[in-house]
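Report on the following structure.
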Amino acid sequence: MSEETIFSKIIRGEIPCDKVYETDEVLAFRDINPAAPVHVLVIPKRSIVHVGQAHQDDALLLGKLMLAAKEVARLEGLEESGFRLVINNGAEVGQTVFHLHVHVLGGRAFSWPPG
Ligand code: AMP
């Protein structure tokens with residue numbers, strides 16, 4: 001379980017979000033500070049801090065997160081052009097909100113490796 005975060009408040013509807021997609025277990029909404037023309041965050045409603053703290057019991061939910069990211073990419077018209085999925089796991093690599101989230105990024109070219 002993760003601590004209370006801003007994403008917990010978004011899930012409970014206490015803070016608004018620009019929702020893109022939702023299921024019983026997953027919510028996707030636009031990043032408030034977009035790093036690309038399309039920048040959507042896909043989060044599980046049941047909180048996990050990051051992949052490093054996921055367990056076998058979370059396997060199905062992690063799979064559903066990936067499929068939700070795919071659906072977001074389709075809804076945002078990124079099927080042809082491609083998209084990047086990013087999960088930051090820990091503060092050192094850039095995680096700022098400690099509730100697992102998949103960044104779905106697209107609509108521009110990206111370089112590799114990331115900085
Ligand atoms: P990370 O750095 O991987 O933890 O990503 C956290 C992301 O959450 C950042 O890209 C923030 O811009 C985004 N973010 C923070 N607060 C909000 C919010 N209230 N609504 C939407 N996105 C947010």
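Read the numbers this way: they start at 1 and go in the same order the structure lists the ligands and their atoms. Count residues from 1 along the sequence.
- Under a 4.0 Å heavy-atom criterion, Gly94 is in contact with ligand 1.
- When hydrophobic clusters are built by joining Ile, Leu, Val, Met, Phe, Trp and Tyr residues whose side-chain heavy atoms come closer than 4.5 Å, directly or via intermediates, Leu105 is not grouped with Met66.
- Counting heavy atoms closer than 4.0 Å to ligand 1, residue Phe7 contributes side-chain atoms (C-beta onward) but none from N, CA, C or O.
- Given atom 4 (O) of ligand 1, the protein heavy atom at minimum distance is Thr96 N, 2.7 Å.
- For atom 1 (P) of ligand 1, the nearest non-hydrogen atom of the protein is His101 NE2, 3.1 Å.
- Ligand 1 has a nitrogen or oxygen under 3.5 angstrom from a nitrogen or oxygen of Val97.
- Using a 4.0 Å cut-off between heavy atoms, Arg30 contacts ligand 1 through its backbone alone, with no side-chain atom that close.
- Between Val26 and Lys45, the shortest heavy-atom contact is O-CE, 3.7 Å.
- When all heavy atoms are compared, the tightest approach of Arg12 to Glu14 is NE-OE2, 2.7 Å.
- If you check each of Asp31, Leu100, Asn33, Val86 against atom 11 (C) of ligand 1, the one with the closest non-hydrogen atom is Asp31.
- Val49 and Ile43 fall into different hydrophobic clusters, defined by Ile, Leu, Val, Met, Phe, Trp and Tyr side-chain heavy atoms under 4.5 Å apart, directly or through other members.
- Hydrophobic clustering, with ILVMFWY side chains joined whenever heavy atoms are under 4.5 angstrom apart, groups Val86 together with Phe110.
- His39 and His103 have tilted rings, their planes meeting at an angle from 30° to 60° on a 0 to 90° scale.
- Close approach of ligand 1 to Ile6 is summarised as follows: ligand atoms under 4.0 Å from at least one heavy atom of the residue are 19 (N).
- Leu78 and Val40 fall within a single hydrophobic cluster, where Ile, Leu, Val, Met, Phe, Trp and Tyr are joined by side-chain heavy atoms under 4.5 Å apart, directly or via other members.
- Neither the backbone nor the side chain of Ile87 has a heavy atom within less than 4.0 Å of ligand 1.
- In this comparison of Asp18, Ile10, Ile32, the heavy atom closest to atom 16 (N) of ligand 1 sits on Ile32.
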